[in-house]
Enquirer: 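Below is one structure. I have some questions about it.
Computed from a prediction, not measured in an experiment: that's the story for all the values here. Computed over heavy atoms, backbone and side chain alike; hydrogens, waters and symmetry mates excluded. The residues of the chain are indexed from 1 along the displayed sequence.
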Amino acid sequence: MIWRVALCACFIHLLASLAAVEAPAGSPIEQEVEPVDASTTAKPAETPLIPRAVLFDNPDRADVSLSADGKTVGYLAPYNDVLNIWVIPIDELLKNLSTARPVTFLKGRGVMAFVWTYMPGMVIFGQDHDGDENMRLWKLDINKKVLKPEVLADKPGVFASLIRPFDRKHPELIKLALNERDKRFHDHYIVNLVTGKSEIYFNNTVGFKGLVYDNDGRLRLGYREDLTGGNEYMRANWSGDGRQILSWETYRNVSFEDKGITQVAGFSKDNSEIYWYNAEGRDFGVLLVHPFDNPANKTILYTPKKSEIASAFFHPFDYTLLSVTENYERHERYVMNETIRADIELLRTLEDTEIFGISYADLDFDKWFVTFYFDNLPATMYYYDRKTKRADYLFSSKDILLDMVLSRMHPVEVKTRDNLTMLCYISLPVESDPKGTGRPFGPLPMVLSVHGGPSSRDYWGFSPDVQHFTNRGYAVLQCNFRGSSGFGRAFLNAGNGEWAGKMHDDLIDASNWAIQQKIALADKIAIEGGSYGGYAALVGLTFTPDFFACGIDVVGPSNLVTLVETIPSYWAPAYNSFVRKIGGDPRTKAGREFLISRSPLTFANRIKKPLLIAQGANDPRVKRNESDQIVRALKKNDILVTYLVYPDEGHGFRRPENQMSYHALAERFLSNCLGGRFEPTTNETKASSVEVIEVGGLTKDDNDVLILT
Ligand SMILES: *[C@@H]1O[C@H](CO)[C@@H](O)[C@H](O)[C@H]1NC(C)=O
Ligand SMILES: *[C@@H]1O[C@H](CO)[C@@H](O)[C@H](O)[C@H]1NC(C)=O
Ligand SMILES: *[C@@H]1O[C@H](CO)[C@@H](O)[C@H](O)[C@H]1NC(C)=O
Ligand SMILES: *[C@@H]1O[C@H](CO)[C@@H](O)[C@H](O)[C@H]1NC(C)=O
Ligand SMILES: *[C@@H]1O[C@H](CO)[C@@H](O)[C@H](O)[C@H]1NC(C)=O
Ligand SMILES: *[C@@H]1O[C@H](CO)[C@@H](O)[C@H](O)[C@H]1NC(C)=O
Ligand SMILES: *[C@@H]1O[C@H](CO)[C@@H](O)[C@H](O)[C@H]1NC(C)=O
Ligand SMILES: *[C@@H]1O[C@H](CO)[C@@H](O)[C@H](O)[C@H]1NC(C)=O
Ligand SMILES: *[C@@H]1O[C@H](CO)[C@@H](O)[C@H](O)[C@H]1NC(C)=O
C-alpha cells in the first residue's frame with residue numbers, strides 16, 4: 001500500500017541496517033497443470049476457520065536486530081497490546097528468552113521503527129501522529145536505570161527522517177532530515193546525542209529530491225528532477241578544509257525511463273569508487289562500479305538474468321560486494337565473494353526454504369541474525385555465529401500460526417492481450433488444492449488482489465490478507481501488471497499513462513485467464529486492493545461495470561486531478577515524474593482532461609455492483625477527500641456504498657483493533673458477494689475507532705453489533 005516516490009535519497013530511511021538479502025536456486029515457473037475434473041472428485045473436508053485475531057493481531061516479535069557491538073538484541077513486541085521495543089543480552093537470548101524486557105511503553109500506534117546507533121545502548125525510534133507520516137523521533141539509552149526517551153524531532157507538520165550511514169568515527173553524531181524551513185525540501189542537521197546540540201549540515205535551497213552520503217557520512221551527490229522527470233545528479237564541491245560546500249557541479253543525468261533502475265548502491269571502502277544499479281542500456285540493468293572522478297571507467301560486477309537486481313549485500317566495513325539477489329518468481333541469492341559461501345551454504349540447509357534475509361551487528365560481522373521466509377508458515381529466526389559456524393533457532397514471528405493450516409502461493413506466467421508476460425501468484429483454499437498443484441478441483445469464487453504503488457510489486461511469501469481470503473473459500477490472484485517494478489525498464493515504463501488503460505486491461509486479461517484455466521467462476525470475481533489497488537478496484541466497477549461481482553477500495557484515489565493537486569508537500573521535488581507516470585499534468589488543459597477521463601469519479605454513475613470503501617482520515621498521500629468525493633457522487637446517483645473511515649489511521653490501517661474491525665466487515669461483505677464463509681463479528685467494530693459513514697448493506701445483529709448482511 002505504498003506510492004513509491006523517492007522521498008529523500010538512498011541512505012535515508014528509518015529501518016535498521018538490514019542488509020535485505022534474499023535467496024538462491026530457482027524452482028521453475030509452475031508448469032500449467034490440467035485442472036482436475038470436479039465431477040469425479042469427492043468434495044474435500046473444509047480446513048478449520050482461522051480466527052481473524054490470529055492473522056491480524058500484533059506479531060509476537062518483529063524487526064529483530066543486533067546492536068552495533070553485537071551484545072544486545074532488540075525487537076518489537078507487544079507491551080499492553082501495543083508494539084514496543086524489547087531488549088535482551090545476546091547470551092541471555094540463547095539461554096532464556098523470558099528475561100527480555102520492554103524499554104519503551106508507548107500507547108496508541110506504538111513504536112513504528114527503531115535503530116541502534118554506534119553509541120552503546122543508544123537507540124532511536126519513531127512514531128507518527130495517527131497515520132499522518134510526519135515521523136517524530138526519540139533517542140533512548142537502554143542502559144540507564146531510568147528509561148527516559150528524549151525527543152530528537154517532534155514539530156507539527158514536519159517529517160523527520162534519520163540519515164544513514166552513521167559515522168563510525170563519531171558515534172555520538174547522527175544526521176536528521178527535516179522539512180521545517182520549506183515543507184517541500186528536507187534540510188539536513190547534525191545532532192549530538194550526548195549534548196543534544198543540533199546544527200545545520202546542509203541547507204537544501206538547491207531543491208534536491210535526494211542526497212547521497214559516502215561511508216564517512218559526507219555528502220557527495222544530490223539529485224533533482226528536470227522538466228522531463230529525469231534525475232540530474234550534481235556533485236558537491238567541498239572546500240579544501242572540508243568545512244563547506246563551495247558549489248554543486250553537474251555529475252550525470254539519468255533519463256526518466258532509466259531512473260527506475262538507476263541509483264547509487266554505495267561507495268568503496270576509501271570512498272574513491274561508487275557503485276550503481278545502472279540501466280546501462282539493458283532492460284534489467286547491471287550492478288557496476290567506477291572511480292568517483294572517472295565515470296567513464298565502468299566495471300560491471302553483476303548482470304541479472306531473470307529480473308532486475310533486487311538487492312546487493314556489501315560487507316559492512318570492507319564495502320566489497322558479497323552477494324546479490326534477483327527476484328522473479330521468488331528471491332534467489334547469488335554469492336559473489338567466497339568468504340561467505342560456506343555460511344550461505346550452511347544457512348541453506350537449516351530450513352525448507354532458500355529465502356532468507358541476513359542482518360548483522362554493524363561493528364561485528366561475525367554475528368548474524370537470519371530470518372527465513374515461507375508462504376505457509378510464519379517467519380523463523382536464527383542466531384548464526386560465523387566464527388563457530390553454529391546456528392541457533394530462536395523463535396518465529398507468530399507462534400500461533402504454526403498451528404494453522406495455511407495455503408501455498410504458486411507463481412504463474414500470464415500473457416496479456418498484447419503479448420507481454422505478467423508474473424502472477426495463485427493461492428487456493430487448502431482443501432481445494434491438496435496436491436499443491438495450484439489448480440483447484442473446480443472453479444472457485446476469486447479475489448483479484450491488486451498491489452499498490454503502482455511502481456511496486458507482489459512478492460512470493462506469507463501474506464495475512466491472502467491467507468484470510470483463501471481460508472474463507474476464495475482463490476486469490478495477484479498480478480504484476482505493467483508498470484510494476486522489478487521486471488525491467490520496458491515493463492515498468494509500459495505503465496506510463498496507462499492508469500485505467502492498459503494497466504487495467506492486464507487485470508482483466510489475468511482474470512479471464514483464471515476463468516479459462518477453471519480457477520475462477522466468471523460471475524464470482526471480486527476486485528480488491530489498497531492505494532493504487534483501491535483505485536484499480538474503483539476502475540474495475542466503473543470502466544468495466546459488468547465484469548466484477550463487487551469491489552473493495554482501501555485508500556484509493558477516485559479523482560486523479562485532486563490526487564495530483566493534493567500530494568504531500570515533500571513530493572513536490574518528484575512532481576514531474578509523478579505526472580508523467582500518471583499521464584497528465586492538471587496544470588494544462590489537455591492534462592486535466594486526460595486525468596478526468598481516467599478518474600473513476602467521472603463514471604461513478606456506472607457502478608452497479610456492491611462497493612466497500614475504507615479510508616484512513618489522516619492519509620497524507622490519498623486524502624480522505626478522494627473517498628468522500630466518490631461516496632457523495634454515488635449517493636447522488638442513489639447507488640449503495642458502504643463507507644468506513646478510521647479517524648486514527650492514514651494510508652492503510654496499523655492498529656490491530658482497526659485491522660480486526662476492517663477485516664471483520666470486509667469478510668462479511670465478500671461473503672455476501674462471493675458466498676464464502678466468515679467468522680461471526682463480535683465486538684470488533686466497537687473495539688476499534690471505525691466510523692461507519694455510509695451503511696450500504698450494513699445492519700445490526702441481535703447483539704447490537706454492526707454487520708454487513
Ligand atoms: C527464565 O527467566 C524467567 C524470568 O526471569 C524465569 O522466571 C525462569 O525461571 C527462567 N527459566 C529458566 C529455565 O531459567
Ligand atoms: C537556509 O537558506 C535560507 C535561504 O537562503 C535562509 O533563509 C536560511 O536562514 C538558511 N537556514 C539555515 C539554517 O542556514
Ligand atoms: C570548486 O569551487 C571552486 C571555487 O568556486 C572553483 O574554483 C573550482 O573550480 C570548483 N571545482 C570544481 C571541480 O568544479
Ligand atoms: C545534465 O543536463 C544539464 C541540463 O541539460 C546539462 O547542463 C549538463 O551538462 C548535463 N550534465 C551531464 C554530465 O551530462
Ligand atoms: C578503472 O576502474 C577500475 C576499478 O574501478 C580501477 O581499478 C582502474 O584503475 C581504473 N582505470 C583507470 C584508467 O582509471
Ligand atoms: C571478499 O570479501 C573479503 C571480506 O570483505 C574482502 O577482504 C575481499 O577483498 C573480497 N574479495 C573480493 C574479490 O572482492
Ligand atoms: C509473444 O512473445 C513471445 C516472447 O515472450 C514471443 O516468443 C512470441 O513470438 C510472441 N508472439 C507474438 C504473436 O508476437
Ligand atoms: C474535495 O474534492 C472536491 C472536488 O471533487 C473539491 O471541490 C473540494 O474542494 C475538495 N475538498 C477538500 C476538503 O479538499
Ligand atoms: C472484545 O471481546 C474480546 C473477546 O471476547 C475481549 O477480550 C475484549 O476485551 C473485548 N473488547 C472490548 C473493547 O469490548
Enquirer: Using the six-membered ring wherever Trp is involved, compare the ring planes of Tyr459 and His331 and label them parallel, tilted or perpendicular (cut-offs 30° and 60°).
Expert: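 Correct class here is parallel.
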Enquirer: Going through the checks in order, is the side chain to side chain donor-acceptor pair (under 3.5 Å) test met by Asn96 and Ser98?
Expert: CA-CA 5 Å; Asn96 184 355; Ser98 311; 3.2 Å; yes
Enquirer: Shortest non-hydrogen contact from Glu133 to Pro620?
Expert: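 Scanning both residues completely, I find the closest heavy atoms to be CD-CG, 3.6 Å.
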Enquirer: Main chain of Ile50, side chain of Asn471: is a donor-acceptor contact present, judged purely on distance under 3.5 Å?
Expert: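 Between the backbone of Ile50 and the side chain of Asn471 there is a qualifying donor-acceptor contact (under 3.5 Å).
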Enquirer: Within the supplied structure, the quantity of interest is the number of heavy atoms (other residues, nucleotides, ligands) at a distance under 6.0 Å from Ile400 CD1; does it exceed 12?
Expert: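 Counting other residues, nucleotides and ligands, CD1 of Ile400 stays at 12 neighbours or fewer.
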Enquirer: Quick check: does any side chain N or O of Asn683 sit under 3.5 Å from a backbone N or O of Lys686, one acting as donor and the other as acceptor?
Expert: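 No, Asn683 side chain to Lys686 backbone: no donor-acceptor pair under 3.5 Å.
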Enquirer: Stepwise, does the side chain to side chain contact (heavy atoms under 4.5 Å, CB included) test hold for Leu644 with Val692?
Expert: CA-CA 5 Å; Leu644 314 174; Val692 182; 4.1 Å; yes
Enquirer: Got Phe369 and Leu394 here, is their nearest side-chain heavy-atom distance under 4.5 Å?
Expert: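 When only atoms from C-beta onward are counted, Leu394 and Phe369 do touch, with a gap below 4.5 Å.
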Enquirer: Are any non-hydrogen side-chain atoms of Leu444 and Pro429 less than 4.5 angstrom apart?
Expert: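 Heavy-atom side-chain distance check passes, below 4.5 Å.
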Enquirer: Is there a side-chain contact between Tyr474 and Lys524 (heavy atoms, below 4.5 Å)?
Expert: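 They are not in contact (no side-chain heavy atoms under 4.5 Å apart), so the answer is no.
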Enquirer: Once rounded to the nearest 0.5 Å, what's the spacing between atom CG of Asp648 and atom CG of Asn658?
Expert: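 So the CG of Asp648 and the CG of Asn658 are separated by 4.5 Å.
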Enquirer: If we ignore angles and hydrogens, is there a donor and acceptor under 3.5 Å between the side chains of Asp69 and Ser67?
Expert: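 The answer is yes; a qualifying pair exists.
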Enquirer: Between Tyr532 (side chain only) and Ser456 (backbone N and O only), is there a donor and an acceptor less than 3.5 Å apart?
Expert: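 The answer is no, because no donor-acceptor pair under 3.5 Å joins these two groups.
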Enquirer: Closer than 3.5 angstrom, by distance alone: can the side chain of Tyr646 be matched with the main-chain N or O of Gly652 as a donor-acceptor pair?
Expert: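 No, Tyr646 side chain to Gly652 backbone: no donor-acceptor pair under 3.5 Å.
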Enquirer: Is the ring pair Tyr360/Phe365 parallel, tilted or perpendicular, if the boundaries are 30 and 60 degrees?
Expert: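 Answer is perpendicular, since the angle exceeds 60°.
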Enquirer: So, for Asn58 and Asp81, which heavy atoms are closest and what is the spacing to 0.1 Å?
Expert: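 Of all heavy-atom pairs spanning Asn58 and Asp81, the closest is ND2-O, 2.8 Å.
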Enquirer: For Arg52 versus Thr681, what's the shortest heavy-atom pair and its separation?
Expert: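 Nearest pair, atom of Arg52 first, then Thr681: NH2-CA, 3.8 Å.
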Enquirer: Mind running side chain to side chain contact (heavy atoms under 4.5 Å, CB included) on Val111 and Tyr79 for me, showing each step along the way?
Expert: CA-CA 11 Å; Val111 174; Tyr79 176 80; over 6 Å; no
Enquirer: Report yes or no: is the cationic atom of Arg655 (NZ for Lys, CZ for Arg) closer than 6.0 Å to the six-membered ring centre of Phe653, at no more than 45° off its axis?
Expert: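 Geometry flag: not set, cation outside 6.0 Å or 45°.
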Enquirer: If you count heavy atoms of other groups shown closer than 6.0 angstrom to CG of Asp352, is the number above 12?
Expert: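 For Asp352, atom CG is not crowded (no more than 12 foreign heavy atoms under 6.0 Å).
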Enquirer: What's the spacing between Cys479 SG and Arg457 CZ if we round to 0.5 Å?
Expert: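 Output value for this atom pair is 12.0 Å.
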Enquirer: Begin from the C-alpha positions of Asp128 and Arg109 and carry the test side chain to side chain contact (heavy atoms under 4.5 Å, CB included) through to its verdict.
Expert: CA-CA 8 Å; Asp128 71 359; Arg109 295 166 75 74; 2.8 Å; yes
Enquirer: Please state whether the rings of Phe56 and His663 are parallel, tilted or perpendicular, taking 30° and 60° as the class boundaries.
Expert: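 The arrangement is parallel - the two ring planes meet at less than 30°.
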Enquirer: Would Thr682 and Glu684 count as having a side-chain donor-acceptor pair, cut-off 3.5 Å?
Expert: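 Present: a donor and an acceptor within the cut-off.
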Enquirer: Determine whether Phe548 and Ser511 make a side-chain contact, defined as any pair of heavy atoms from C-beta on separated by less than 4.5 Å.
Expert: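 They are in contact (side-chain heavy atoms under 4.5 Å apart), so the answer is yes.
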Enquirer: Would you name the heavy atoms of Ser671 and Gly676 that are closest together and state the gap between them?
Expert: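 Scanning both residues completely, I find the closest heavy atoms to be OG-O, 2.7 Å.
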Enquirer: Just so I know, are the side chains of Leu350 and Phe372 near enough to count as touching, which here means a heavy-atom distance under 4.5 Å?
Expert: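 Counting from C-beta outward, Leu350 and Phe372 do come under 4.5 Å.
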Enquirer: With rounding to the nearest 0.5 Å, note down the distance linking CD1 in Ile552 to CZ in Phe669.
Expert: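 Spacing of CD1 (Ile552) from CZ (Phe669) equals 5.5 Å.
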Enquirer: Side chain of Asn327, backbone of Ser307: donor and acceptor closer than 3.5 Å?
Expert: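 Flag not set: sc Asn327 to bb Ser307 has no pair under 3.5 Å.
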Enquirer: Is it true that a side-chain atom of Arg61 and a backbone atom of Ser396 form a donor plus acceptor pair closer than 3.5 Å?
Expert: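 Side chain of Arg61 to backbone of Ser396, a donor-acceptor pair under 3.5 Å: yes, one is there.
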Enquirer: So do the side chains of Pro378 and Asp399 get within less than 4.5 Å of each other, counting heavy atoms only?
Expert: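 Pro378 vs Asp399: side chains apart.
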Enquirer: Taking all non-hydrogen atoms of both residues, which atom of Ile85 and which atom of Thr104 are closest, and how far apart?
Expert: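 In this case the closest contact between Ile85 and Thr104 is N-OG1, 2.9 Å.
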Enquirer: Side-chain donor-acceptor pair under 3.5 Å between Tyr328 and Glu413, yes or no?
Expert: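 Short answer, yes.
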Enquirer: Is there a side chain to side chain contact (heavy atoms under 4.5 Å, CB included) between Trp460 and Ile355 once you walk through the steps?
Expert: CA-CA 10 Å; Trp460 183 91; Ile355 303 183; 3.5 Å; yes
Enquirer: Please enumerate all residues that pass side chain to side chain donor-acceptor pair (under 3.5 Å) together with Lys148, with sequence neighbours excluded.
Expert: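 In terms of side chain to side chain donor-acceptor pair (under 3.5 Å), with neighbours along the sequence ignored, Lys148 is linked to no residue.
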Enquirer: Going through the checks in order, is the side chain to side chain donor-acceptor pair (under 3.5 Å) test met by Glu351 and Tyr393?
Expert: CA-CA 10 Å; Glu351 289 281 354; Tyr393 172 87; over 6 Å; no
Enquirer: Would you call Tyr384 and Leu346 a side-chain contact if the rule is heavy atoms closer than 4.5 Å?
Expert: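 Touching, per the 4.5 Å side-chain cut-off.
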Enquirer: Can any side-chain N or O of Asp63 pair as donor or acceptor with the backbone N or O of Leu76 at less than 3.5 Å?
Expert: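 No: the side chain of Asp63 does not pair with the backbone of Leu76.
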Enquirer: Counting distance only, does the side-chain N/O of Asp458 pair as donor-acceptor with the main-chain N or O of Gln478 below 3.5 Å?
Expert: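 Checking the backbone N and O of Gln478 against the side chain of Asp458, no donor-acceptor pair under 3.5 Å is found.
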Enquirer: Under 4.0 Å between a side-chain nitrogen and a carboxylate oxygen: does that hold for Asp343 and Lys389?
Expert: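 Result for this pair is yes, salt bridge flagged.
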Enquirer: Is it true that Tyr662 and Ser688 share a donor-acceptor pair across their side chains at a distance under 3.5 Å?
Expert: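 No pair is found: no donor N or O on one side chain lies under 3.5 Å from an acceptor on the other.
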Enquirer: Distance from His651 atom NE2 to Arg654 atom CZ, nearest 0.5 Å?
Expert: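 Reported value, rounded in 0.5 Å steps: 15.0 Å.
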Enquirer: Under the side chain to side chain donor-acceptor pair (under 3.5 Å) criterion, do Ser485 and Ser455 qualify, and how do the steps go?
Expert: CA-CA 5 Å; Ser485 58; Ser455 310; over 6 Å; no
Enquirer: Are the side chain of Asp433 and the backbone of Leu428 linked by a donor-acceptor contact shorter than 3.5 Å?
Expert: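 No.
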Enquirer: Check this for me: Arg390, atom CZ, are more than 12 non-hydrogen atoms of other residues, nucleotides or ligands nearer than 6.0 Å?
Expert: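 No, because the 6.0 Å sphere around CZ of Arg390 holds 12 heavy atoms or fewer from other groups.
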Enquirer: Which heavy-atom pair separates Arg472 from Glu667 by the least distance, and what is that distance?
Expert: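 Nearest pair, atom of Arg472 first, then Glu667: NE-OE2, 2.9 Å.
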Enquirer: Do Phe374 and Leu406 come close enough that some side-chain heavy atom pair is under 4.5 Å?
Expert: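 No, their side chains stay 4.5 Å or more apart.
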Enquirer: Could you state the interatomic distance from CH2 (Trp86) to CD1 (Ile88), rounded to the nearest 0.5 Å?
Expert: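 Here the rounded value is 10.0 Å.
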Enquirer: May I ask you to decide if Gly533's main-chain N or O and Ser531's side chain share a donor-acceptor pair within less than 3.5 Å?
Expert: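 Side chain of Ser531 to backbone of Gly533, a donor-acceptor pair under 3.5 Å: no, none is there.
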Enquirer: Calculate, to the nearest 0.5 Å, the distance between atoms CE and CG belonging to Met446 and Leu674 respectively.
Expert: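 Interatomic distance, Met446 CE to Leu674 CG, rounded to 0.5 Å: 10.0 Å.
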Enquirer: Does Phe462 form a ring-ring contact (aromatic ring centres under 6.0 Å, His included) with Tyr373? I'd like the steps, not just the answer.
Expert: CA-CA 7 Å; Phe462 176 81; Tyr373 299 97; over 10 Å; no
Enquirer: Show the numbers, then the answer: is there a side chain to side chain donor-acceptor pair (under 3.5 Å) between Glu431 and Thr47?
Expert: CA-CA 6 Å; Glu431 67 273 13; Thr47 39; 2.9 Å; yes
